[in-house]
Each structure stands twice: as structure tokens, then as C-alpha cells.
Asker: 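Mind looking over this structure? Questions follow.
Convention: sequence-line order gives letters A, B, ...; per-chain numbering from 1.
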2 protein chains.
Amino acid sequence: MSATLTNTGRVLLGMIAEGHATGYAIKAAIDRSTRLYWGASIGGIYPELRRLEQAELVSSRDDFRGGTRRHAYSLTSAGRAALHGWLADPSEPVLEMRHEGLLRLRFAGVLPIEEQVEVVRRMRTVHERRLSELESRLTTEEFDDPLHRLTFEFSVGWNAWARDWCLSAERSLTRRGPRAAKR
Amino acid sequence: MSATLTNTGRVLLGMIAEGHATGYAIKAAIDRSTRLYWGASIGGIYPELRRLEQAELVSSRDDFRGGTRRHAYSLTSAGRAALHGWLADPSEPVLEMRHEGLLRLRFAGVLPIEEQVEVVRRMRTVHERRLSELESRLTTEEFDDPLHRLTFEFSVGWNAWARDWCLSAERSLTRRGPRAAKR
DNA sequence: GTTGCCATGTAAATGGTTACATGATTGG
DNA sequence: CCAATCATGTAACCATTTACATGGCAAC
């Protein structure tokens, strides 16, 4: 039974397809790329790899590096099929966001207007920090895969857009003026 | 002890501050506004309300509507202080995304180029669907609170930006041409 | 009289993060 | 020889989602 492939499992399949063979290497690859829009933490990766192996979507061979035993995973044909099936799946993909900065702004009405602007400013710095980190990586890192680069650029663009939105929100809040307090 | 205020708890405080008194009404208000950037589901709301009450951040009085008992919550002064403290908190706010469309695109390299474009197209329709839903609500619904409107407009803008990004990604993938297959 | 909404609640399962533990290898 | 990195793993915990269950009220 192909049964239930978890979302973390799908990332693993994709990463293994790209040639990242060990749990450790996969984790590093996730941190370099999908973490921005789909995270996975090390504590969940190893058990999930074993589950995938049990489901026969991946196979592993022991690969000794000196005395260190590591598991080198590769896709089975069922795994390749599962990956393709997921990519071509016409069902609505998950899209959700947890944006505490926006959430704070949503409730900032209880604060005086100057502090409301501060809330947006702090929201902006989050996006700016992300943006400058990503932009510097864009120049220093190599992007082997064109789709890795493309999705990376999505993150750059979205953070830039959000920063600009914050700037314009700050202006519109300030324009309302420090004395035009919300009731 | 003010101790640990969970993120769901914070949304509840904010909603109660706005005058949404019952768990049910709070849930409805969340669905109308913060769901886009901070969800909470009904199963978690009632227990969390009781936890907040135990922590003395909110107080409830029984409010009978005929034979239906409902709990009308309001903020205590400690609750108001906790809300203000959170809003003014200079620490880095949470910002994360789960974007399956992007994730699929990240791994779409295993597919032929025409199907890669399809992956982006499906990602675009997600944003388009959201966008048209939000835009229609923008004209029909009333936005009592200006910050409710502002954060709502953020979601509109972000989905529009993402749709445009998809369109340009589709063009750049198509330009690469159906014969320039990825290695 | 029945459908749909208001209203509250619990239990189980899910999915994930964090922290801890271990140990080998590599490079300075 | 020490620190950093490679490598795997487990246990505890956490928040949240889903499903189920109950029942009154309002409108048609």
C-alpha cells in the first residue's frame, strides 16, 4: 500500500531524488532550500526515512565512512512513481502562513497610533532581515538546480514585497496623524 | 504567574479585547480575519479559554440565552497588560510558511518541461482562488476596524504578488523552451 | 418538524520541535 | 588534542486538527 505519504516524507523523496543520500545531508539540503517554505527538523527525518523504507518507497545500503556507518538512501521505482504522482497531483496544494507580525498589527488598535507604527516597523525589520540574508546568499551560493534558484528567488521577491507593503502601511498610518487616535 | 501565553492564547486575548465574548463568536471572528495569517480551530479554543481564565488573564460570566448557557469572556487588567506587552514585544515575531505549490516546483526538475509549467500553473490557481475570494469579500463585507481592513489588504496584495510571480515564472520556463530539457 | 445555526465540550490522532545522547572523522 | 562537523538515533513534549457528541434556539 502506498497509503499515506506525509508532507515531510514528500520532501525527503524529492531530496533523495536529487541525490542527497543520508539523513544528515538531506537535512542540510532542506536548510539550504526548502526551509523557507517547507521546514523539517532532524528529529523527524530519521524516523520518517525508516517509514519510507518500510513502505518501499526508498531503499538504503550501508555506506561506511571509516568506522561511521551511514545509510545511503535511493528511490525505488515505487518511490519515483510516488514523487511524480505527487508533483502531478491536481488537488489543491497546502498554503498557510503563520505571521505573528501581521497578527500583532491586527490587534494594534488598542495601542496609541505612534506605537501602532512601531508594530509595523518591527514587522518590516523581520522581512528586511530575511531579505538581506537571502540576497547575500544569492550572490555567494551556487545554485546547481535552476528550480532551486527559481524558488529561492520567490522568497527573495516575497520578502521584498512585504517590506514595501510595510513601508506604505507605515506611511498611511502616519498620515492619519499622531492625534487622530483610534476610538 | 503570567508564565506561558501560547500563540493561540494571544489571538484569543486580542479577539476578546475587540469585544468577541464567546468561544463560538471568537472562532467566527478568527475565520473572518486572522485565519489568513494565524489560524486556530474550535477544538483548541475552548480549552485555551479555560486556561486563560485559570491564569486570570480573562474572566467569564455566565450569560444565558434562553436555556443555552454561554460563557461571556472579558479581559482582566492582567490580560490587558499581557496583550499590550505582547504587542510591544521587541523580540523577533514568528514568520513561517507552508507552501506546497512552491515545494512541488522545487522538485519539478524530474518532470518534462511542459509538466513543470503545469506545476506553476496549479500553484498560480491557488493564489488566484484566494485572491478572488478575498477581493469579493473586500467589496461585500464591512470592516469595522481599520487594522482589520489593513491586514486583510495585506493578504490581498500578497496573493496578487504571488499570482504575478507565477505568471512570470511560467513565461521564463516556457521561454527556456519545450526542447531545452533539464539534464 | 426539520434544517441550520449557536454553543460547548472531549478524545484521539497528527505532526512537529527540542533536547538529549552517542560516537567517528577531519582539520587546524 | 581539541573543536567542528558528520552521522544517527530516542524520548518527551507541544500545539493543533479532526472527529465525535450533545443540545437549545430560530426560522421556514
Asker: Whole angstroms only, please: what is the CG-P distance between L49(A) and dT10(D)?
Answerer: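 It works out to 12 Å between those atoms.
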Asker: Measure CD1/I26(B) against P/dG9(C) and give the value in whole Å, please.
Answerer: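 Result: 12 Å.
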Asker: Could you tell me how far apart K27(B) (NZ) and dG9(C) (P) are, to the nearest whole angstrom?
Answerer: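 Rounding to the nearest Å, NZ of K27(B) and P of dG9(C) are 16 Å apart.
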Asker: How would you list, by chain and number, every residue that makes a side chain to side chain donor-acceptor pair (under 3.5 Å) with D31(B), sequence neighbours excluded?
Answerer: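 Listed in chain order: K27(B).
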Asker: Applying side-chain hydrogen bond (donor to acceptor under 3.5 Å, both in side chains) to W86(B) and E100(A), what does each step give before you reach the verdict?
Answerer: CA-CA 10 Å; W86(B) 166 58; E100(A) 194 185 354; 2.7 Å; yes
Asker: How long is the line joining CZ of R69(B) and P of dT22(D), in whole Å?
Answerer: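 Taking atom P of dT22(D) as the reference, CZ of R69(B) is at 16 Å.
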Asker: What string of B, S and - do you get for nucleotides 16-23 of chain C, 5' to 3', if B is base contact, S is sugar-phosphate-only contact and - is no contact with any protein heavy atom under 4.0 Å?
Answerer: SBB-----
Asker: If you restrict it to nitrogen or oxygen atoms, what contacts under 3.5 Å exist between nucleotides 1-5 of chain C and the protein, and what is each distance?
Answerer:
none

Asker: Give the rounded distance in Å between these two atoms: CD of E96(B) and P of dC14(D).
Answerer: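 After rounding, the gap between these two atoms is 18 Å.
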Asker: I'd like to check the salt bridge (charged side-chain N to carboxylate O under 4.0 Å, His left out) partners of R121(B); sequence neighbours left out, ordered by chain and number.
Answerer: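 Expected list: E118(B), E170(B).
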Asker: Other than F64(A), which residues form its hydrophobic cluster under the rule that side-chain heavy atoms must be closer than 4.5 Å?
Answerer: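 Via sub-4.5 Å side-chain contacts, F64(A) links to none.
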Asker: Mind calculating the distance between OH (Y46(B)) and C1' (dA21(D)) to the nearest angstrom?
Answerer: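 Value for this atom pair: 13 Å.
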Asker: Which residues end up grouped with L167(B) if you chain together Ile, Leu, Val, Met, Phe, Trp and Tyr wherever their side-chain heavy atoms are less than 4.5 Å apart?
Answerer: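 Other cluster members: none.
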Asker: Give the ring-plane orientation class for H148(A) versus F152(A), where under 30° counts as parallel, over 60° as perpendicular and anything between as tilted.
Answerer: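 Rings of H148(A) and F152(A): perpendicular, as their planes differ by over 60°.
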Asker: Among residues at least two apart in sequence or on other chains, which ones pass side-chain contact (heavy atoms from CB on, under 4.5 Å) with R80(A)?
Answerer: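 By the side-chain contact (heavy atoms from CB on, under 4.5 Å) rule, R80(A) matches L75(A), S77(A), H84(A).
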Asker: Quick one: R51(A) CZ to dG9(D) C1', roughly how many Å, whole number?
Answerer: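 After rounding, the reported distance stands at 14 Å.
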Asker: T76(B): which residues meet the side-chain contact (heavy atoms from CB on, under 4.5 Å) condition with it, sequence neighbours left out?
Answerer: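 Result, side-chain contact (heavy atoms from CB on, under 4.5 Å) vs T76(B): S59(B), A78(B).
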Asker: Starting at the 5' end of DNA chain D and moving along, which residue's nearest nucleotide shows up first, G9(B) or A72(A)?
Answerer: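 Here A72(A) is the residue nearer the 5' end.
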Asker: Rounded to whole Å, please give me the gap between CD in E100(A) and P in dA15(D).
Answerer: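 From E100(A) CD to dA15(D) P: 14 Å.
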Asker: Pairs in or reaching into residues 32-54 of chain B: which pass ring-ring contact (aromatic ring centres under 6.0 Å, His included), with residues at least two apart or in two chains?
Answerer: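 Non-adjacent pairs meeting ring-ring contact (aromatic ring centres under 6.0 Å, His included): zero.
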Asker: List the residues meeting side chain to side chain donor-acceptor pair (under 3.5 Å) with S60(A), not counting sequence neighbours, and say none if there are none.
Answerer: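 Applying side chain to side chain donor-acceptor pair (under 3.5 Å) to S60(A) gives E53(A).
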Asker: For H127(A), which residues count as a side chain to side chain donor-acceptor pair (under 3.5 Å) partner, sequence neighbours excluded?
Answerer: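 Applying side chain to side chain donor-acceptor pair (under 3.5 Å) to H127(A) gives H99(A), N159(A).
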Asker: Could you list by number each residue of residues 10-23 of chain A showing a heavy-atom separation from DNA chain D of less than 4.0 Å, or answer none if no residue does?
Answerer: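 Within residues 10-23 of chain A, the residues near DNA chain D are T22(A), G23(A).
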